[in-house]
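Written out below as structure tokens is the structure these notes cover.
Predicted model, so just to flag it, every value in this text is computed and none were measured.
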Amino acid sequence: MTVKNLFIKLLKYKSVTPQDDGAFDFIAEHMSEFEVTRIDKNGTKNLFLYKKFGDGEHLCFAGHIDVVPPGDGWDSDPFIPIEKNGFIYARGSQDMKSGVCAILLSCKETIQFNGTLSILLTSDEEGDGKFGTIEVLKYLQTKNLLPDFAVVAEPTCEAIFGDAIKIGRRGSINGVIELFGKQGHAAYPQKYINTINLIASRLGKMCAYHFDEGDENFAPSELVVTDLRSGMEVTNVTPGYLKLMFNVRNSTKTSKKDIENYINTLFDGLDFKFSLYQGAKPFVTKRDSKIVKLLQNATKEITNISPKLTTSGGTSDARLLAQYGVKTVELGVVNDRIHALNERCKLQEVEDLKKIFDKVIENF
């Protein structure tokens with residue numbers, strides 16, 4: 001099957017999270033040369049395929065079949081792929097059925113490999129992901145099948161294909177602060193405790209605060225205030241309650257505990273409640289790692305571009321692989337229309353991505 005034919009086939013599945021719409025049945029049949037394991041849980045579909053060629057190391061290609069809802073306003077049906085001027089238009093074309101297509105064809109065509117080659121796919125990466133990739137990794141650990149290295153085919157490139165490889169991801173920590181005062185009449189401010197007054201002197205020590213200075217892999221871990229609410233939308237009542245929400249995309253140099261200590265110190269002496277939730281932990285794969293070098297060299301050979309190594313952007317399932325000690329990198333097509341109306345991907349990028357994966361497997 002050609003890249004184009006497989007790509008279009010995958011795009012026709014209405015695999016909105018957490019559904020696969022039958023895509024995994026097709027993939028399992030298409031990849032019949034591989035051992036197939038289904039690890040479905042609580043409505044999430046997970047597929048793991050592997051083939052042991054030799055006694056060497058285990059290389060895994062990972063990704064997700066699910067897509068976000070298409071939304072209204074498309075120029076064409078988002079699940080009927082249309083080719084126009086070298087682009088394929090459809091929901092999931094960039095994020096990330098392009099990557100899944102390249103993974104499947106590259107692995108299927110592999111005849112020789114010094115080790116184990118595998119594919120890990122889930123139907124819930126765009127959602128909470130509670131029963132997706134993490135469940136597969138738990139299962140693989142019990143079977144002593146955890147990979148040594150992984151390539152996640154998320155769309156990583158910024159302006160042109162081949163310009164960026166992700167060697168890590170920042171973590172994500174969300175915070176909520178509730179501040180309590182005493183509501184009253186605006187004409188008698190001395191009688192009450194205005195929560196806006198309480199936050200005023202502290203807000204400047206929160207907005208854009210850097211917990212660290214960053215390093216060659218990460219930007220500084222910055223506190224970003226995302227929501228602030230207080231008062232009753234009237235002019236004659238001082239507020240007695242305030243709620244503030246924030247997010248920190250943290251590097252490996254800043255922990256949840258660091259943030260907790262800072263906020264508790266900053267609000268010491270006030271009547272407040274504070275909660276922190278870490279949705280993702282940061283990770284980085286060393287720049288001189290075998291998998292980083294292989295992907296760098298293959299990308300340069302196919303695209304004639306020397307890709308930069310970055311940890312920018314949001315989170316992905318790569319963090320879960322890294323959590324299990326798997327040396328993980330990410331490379332995929334250009335990321336400029338993911339989750340947007342009229343999502344599209346150049347067919348040539350998918351073909352070149354497959355060639356890069358071919359080179360990685362060949363030189364592993």
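- Salt bridge status for Glu135 with Lys41: present, with a side-chain N to carboxylate O gap under 4.0 Å.
- A cation-pi contact, defined as under 6.0 Å to the ring centre and within 45° of the axis, is absent between Arg319 and Phe283.
- Between Ile165 and Val292 the shortest side-chain heavy-atom distance does not fall below 4.5 Å.
- Ring centers of Phe211 and Tyr262: under 6.0 Å apart, within the cut-off.
- The pair Glu351-Lys346 does not count as a salt bridge, with every side-chain nitrogen at least 4.0 angstrom from each carboxylate oxygen.
- With a 4.5 Å cut-off on side-chain heavy atoms, Leu179 and Lys273 do not count as touching.
- A distance below 6.0 Å separates the ring centres of Phe364 and Phe113.
- The side-chain heavy atoms of Tyr89 and Glu83, taken from C-beta on, include no pair separated by under 4.5 Å.
- Considering only heavy atoms from C-beta on, Phe87 stays 4.5 Å or farther from Cys345 through its side chain.
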After noting the C-alpha distance and the side-chain angles of Ser123 and Thr44, does the key distance pass the side-chain hydrogen bond (donor to acceptor under 3.5 Å, both in side chains) rule?
CA-CA 6 Å; Ser123 73; Thr44 295; 5.0 Å; no
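- Salt-bridge check for Glu57 with Lys290: passed, with a basic side-chain N closer than 4.0 Å to an acidic carboxylate O.
- With a 4.5 Å cut-off on side-chain heavy atoms, Glu349 and Val334 count as touching.
- Salt-bridge check for Lys243 with Glu178: failed, with every basic side-chain N at 4.0 Å or more from each acidic carboxylate O.
- The line from CG of Leu10 to CD1 of Ile65 is 5.0 Å long, rounded to the nearest 0.5 Å.
- Cation-pi geometry between Lys191 and Tyr188 is met: the NZ or CZ atom falls under 6.0 Å from the ring centre, inside 45° of the normal.
- Separation of the Tyr13 and Phe79 ring centroids does not fall under the 6.0 Å cut-off.
- Both cation-pi conditions hold for Lys327 and Phe149: the charged atom is under 6.0 angstrom from the six-membered ring centre and inside a 45 degree cone around its axis.
- Here the two rings, on Phe24 and Phe26, have centers that are 6.0 Å apart or farther.
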Output, in order, the C-alpha distance, side-chain angles, deciding distance and verdict of side-chain hydrogen bond (donor to acceptor under 3.5 Å, both in side chains) for Asn247 and Thr226.
CA-CA 7 Å; Asn247 175 262; Thr226 57; over 6 Å; no
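- A salt bridge between Asp227 and Arg229 is present, with a side-chain N of the basic residue lying under 4.0 Å from a carboxylate O of the acidic one.
- Cation-pi check for Lys256 over Tyr277 is not met; the charged atom does not lie both under 6.0 angstrom from the ring centroid and within 45 degrees of its normal.
- Shown are Arg91, Glu126, Gln94; of these, the side chain to side chain donor-acceptor pair (under 3.5 Å) with His339 is made only by Glu126.
- A salt bridge links Arg38 to Asp25: at least one charged side-chain nitrogen sits closer than 4.0 Å to a carboxylate oxygen.
- The environment of Met232 atom CE is sparse: at most 12 non-hydrogen atoms of other residues, nucleotides or ligands sit within 6.0 angstrom.
- Looking only at distances, a side-chain donor or acceptor of Thr110 sits under 3.5 Å from a matching main-chain atom of Ser106.
- The line from CG of Leu59 to CG of Asn114 is 11.5 Å long, rounded to the nearest 0.5 Å.
- Through side-chain heavy atoms spaced under 4.5 Å, either directly or across other Ile, Leu, Val, Met, Phe, Trp or Tyr residues, Leu321 is tied to Ile39, Phe48, Tyr50, Leu120, Ile134, Val136, Leu137, Tyr139, Leu140, Leu145, Leu146, Val152, Leu320, Tyr324, Val326.
- Counting heavy atoms from C-beta outward, Ile291 and Val360 have side chains that approach closer than 4.5 Å.
- Between Lys166 and Glu154 no salt bridge is recorded (no basic side-chain N to carboxylate O distance below 4.0 Å).
- Closest approach of Ala219 and Ser251 over heavy atoms only: O-CB, 4.3 Å.
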Step-by-step side-chain hydrogen bond (donor to acceptor under 3.5 Å, both in side chains) determination, Asn174 to Gln278:
CA-CA 6 Å; Asn174 297 312; Gln278 180 143 25; over 6 Å; no
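- Side-chain contact of Glu125 with Thr133: a donor-acceptor pair under 3.5 Å is absent, judged by distance alone.
- The closest side-chain heavy-atom distance from Leu331 to Thr299 is below 4.5 Å.
- Under 4.0 Å is where a charged nitrogen must lie from a carboxylate oxygen, and between Glu33 and Lys51 no such pair does.
- Salt bridge absent: Glu301 and Lys355 never bring a charged side-chain N and a carboxylate O closer than 4.0 Å.
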